[in-house]
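What follows is one structure encoded as structure tokens, with my remarks underneath.
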2 protein chains.
Amino acid sequence: MTKLSRGKSARKRPVQEPRPYHHGDLRRALIAAATELLEREGAEALSFRAVARTAGVSQSAPYNHFSGKEDLLATVAEAGFRALATSQAETAAHAHAGEARMIALGLDYIGFAADHPQLYRLMFGVGVADWHAYPHVSEAKHASFAPIRAALAGDFPSTRDAAAIEHAAVAAWGLAHGLAMLRIDGSLARRDAPDQPPAEEAALQLFARGLAHALAGVGKVEKSS
Amino acid sequence: MTKLSRGKSARKRPVQEPRPYHHGDLRRALIAAATELLEREGAEALSFRAVARTAGVSQSAPYNHFSGKEDLLATVAEAGFRALATSQAETAAHAHAGEARMIALGLDYIGFAADHPQLYRLMFGVGVADWHAYPHVSEAKHASFAPIRAALAGDFPSTRDAAAIEHAAVAAWGLAHGLAMLRIDGSLARRDAPDQPPAEEAALQLFARGLAHALAGVGKVEKSS
DNA sequence: TCCGCAATATGAACGCTGATAACATCACTC
DNA sequence: GAGTGATGTTATCAGCGTTCATATTGCGGA
């Protein structure tokens, strides 16, 4: 008795509708609560207990749906990758092929990270010690990478060297990911004029233009060096 | 009494030399202990208390040298950036100018991350909520980026557009950082033949070759699109 | 030489965390 | 209607970051 805290449910529902013992859709509610907490309060504030509180259940109820905190984080990360993949696929579908599509994909990628910085950091961060333990997440990650790869393969169909396409895709993915992280970290300070496009756009343009030349060269020179 | 744990000092120094009350160089020892713990046990195991234990002092002794855990992490990250800057500067000094130097810098960058994955993740990760609170770290970060920028400026001195050089530097940094993170995460799986160079090397080559073309084009076309 | 102070270390304590265990409640099938 | 498994609850544990009062020490000034 004399427990002052925890009067939440009593405050929200004074007398009637005493909240059924079973939540009904707790797993989804926990993922939503975790996602919201992550973006609103930051990664540090995302505790397993806080997620349970936000969902309105006891602190140990989530263990019926997730093996532990890492499992929950991995699930949130997977949802993030799926959202990113959807965004990338839509961008690829609505852009004209060629350099413009590459740049659009890059900007979309960076934009996703900028819109959900905490989520993006979780997706690529330390919260989960070993991603290999969650193959679903790795699969979703590669799905979010697929549009870039597909765009490159579509833009340079004549290139004989399939490996070169793969290397270009890795470079494009790396560039997009790196620029996104630098943007989130604030490392890409506003050094340029306010009316100019952001630095990452110019960097993407430079990359896309150079890539066209380099890939065209690959087929011709055929391993010159 | 009857305290079973904590018998470490008694085990190591049976009777004599009862470890002076004052450590003497605790700050440095704490940084070293944190760095070692980070790489050996991972970021999750790096607790403030564990660092103190490793250094052989009480749990609250570190508060005389760091304002808190975040301060310690930021200091470790700063040391990491300084080490990376040194490595980059040496690589730049020993490589021939041109594409080869760009590739060497990129490989050195990725190699650093691969050699110290946990440290690298800390440097760019969530452990510290707001890096802006630690200007020393930001400064060290940009110092580690300086060799790439300098190499580009040196390799393309004829390029009129100084902004293009800056954009190319951002692209190069982003690419190196992105490839490093993908490598650490295991996202760059071994898909290629075992005797071939790793994917990031091919990606760097592609990028460097394309950059040369794109930067050469910038001066001539002068904002064609 | 000795005093006093600042620097540095100690242990206890607080509230929080992730996790486990024992128990309660409910939906659903036979 | 009994029983059983899924899904909740409370109680409890060790460990965490942090703060506090206290203890120990090195060192500069009388």
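The sequence lines fix the lettering, A, B, ..., with proteins before strands; numbering per chain opens at 1.
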In Å and rounded to the nearest 0.5 Å, what is the [atom1] to [atom2] distance from [X] to [Y]?
X      : Y      : atom1 : atom2 : answer
B:I103 : B:D108 : CD1   : CG    : 13.5 Å
A:L175 : A:I110 : CG    : CD1   : 7.0 Å
A:E70  : B:E44  : CD    : CD    : 7.0 Å

Send over the distance from [X] [atom1] to [N] [atom2], rounded to a whole Å.
X     : N      : atom1 : atom2 : value
B:K69 : D:dG15 : NZ    : P     : 16 Å
B:D25 : C:dA9  : CG    : C1'   : 15 Å
B:L26 : D:dT24 : CG    : P     : 19 Å
B:E41 : D:dG15 : CD    : C1'   : 15 Å
A:L30 : D:dG8  : CG    : P     : 8 Å
B:D71 : D:dG17 : CG    : P     : 14 Å

Query raised in the report: Taking for each residue the nucleotide of DNA chain C bearing the nearest heavy atom, is the 5' side occupied by B:N64 or by A:G68?
Result: B:N64
Side-chain N or O of [X] less than 4.0 angstrom from OP1 or OP2 on [N]?
X     : N      : result
A:R27 : D:dG8  : no
A:Y63 : C:dA19 : yes
A:H65 : D:dA6  : no

Query raised in the report: Among all residues two or more places apart in sequence or in another chain, which pass the side-chain hydrogen bond (donor to acceptor under 3.5 Å, both in side chains) test with B:D130?
Result: none
Query raised in the report: Do any of residues 44-52 of chain A sit with a heavy atom less than 4.0 Å from DNA chain C, and if so which?
Result: A:S47, A:F48, A:R49
Query raised in the report: Which nucleotide sits closest to the side chain of B:R53: C:dT8, D:dG17, D:dC16?
Result: D:dC16
Query - Among C:dA12, C:dT20, C:dT10, the nucleotide that comes nearest once only the side chain of B:Q59 is considered - result: C:dA12
Query raised in the report: Between B:H167 and A:F207, does the ring centroid distance fall short of 6.0 Å?
Result: no
Requested in this report: Look at the side chain of B:Q88 and the backbone N and O of B:L105, then say whether any donor-acceptor pair between them is shorter than 3.5 Å.
Outcome: yes
Query raised in the report: Hey, does the side chain of A:Q59 reach the backbone of A:R53 with a donor-acceptor pair shorter than 3.5 angstrom?
Result: no
**Report entry** Donor-acceptor pair (no angle test) under 3.5 Å: A:S60 side chain, D:dT10 base
**Finding:** yes
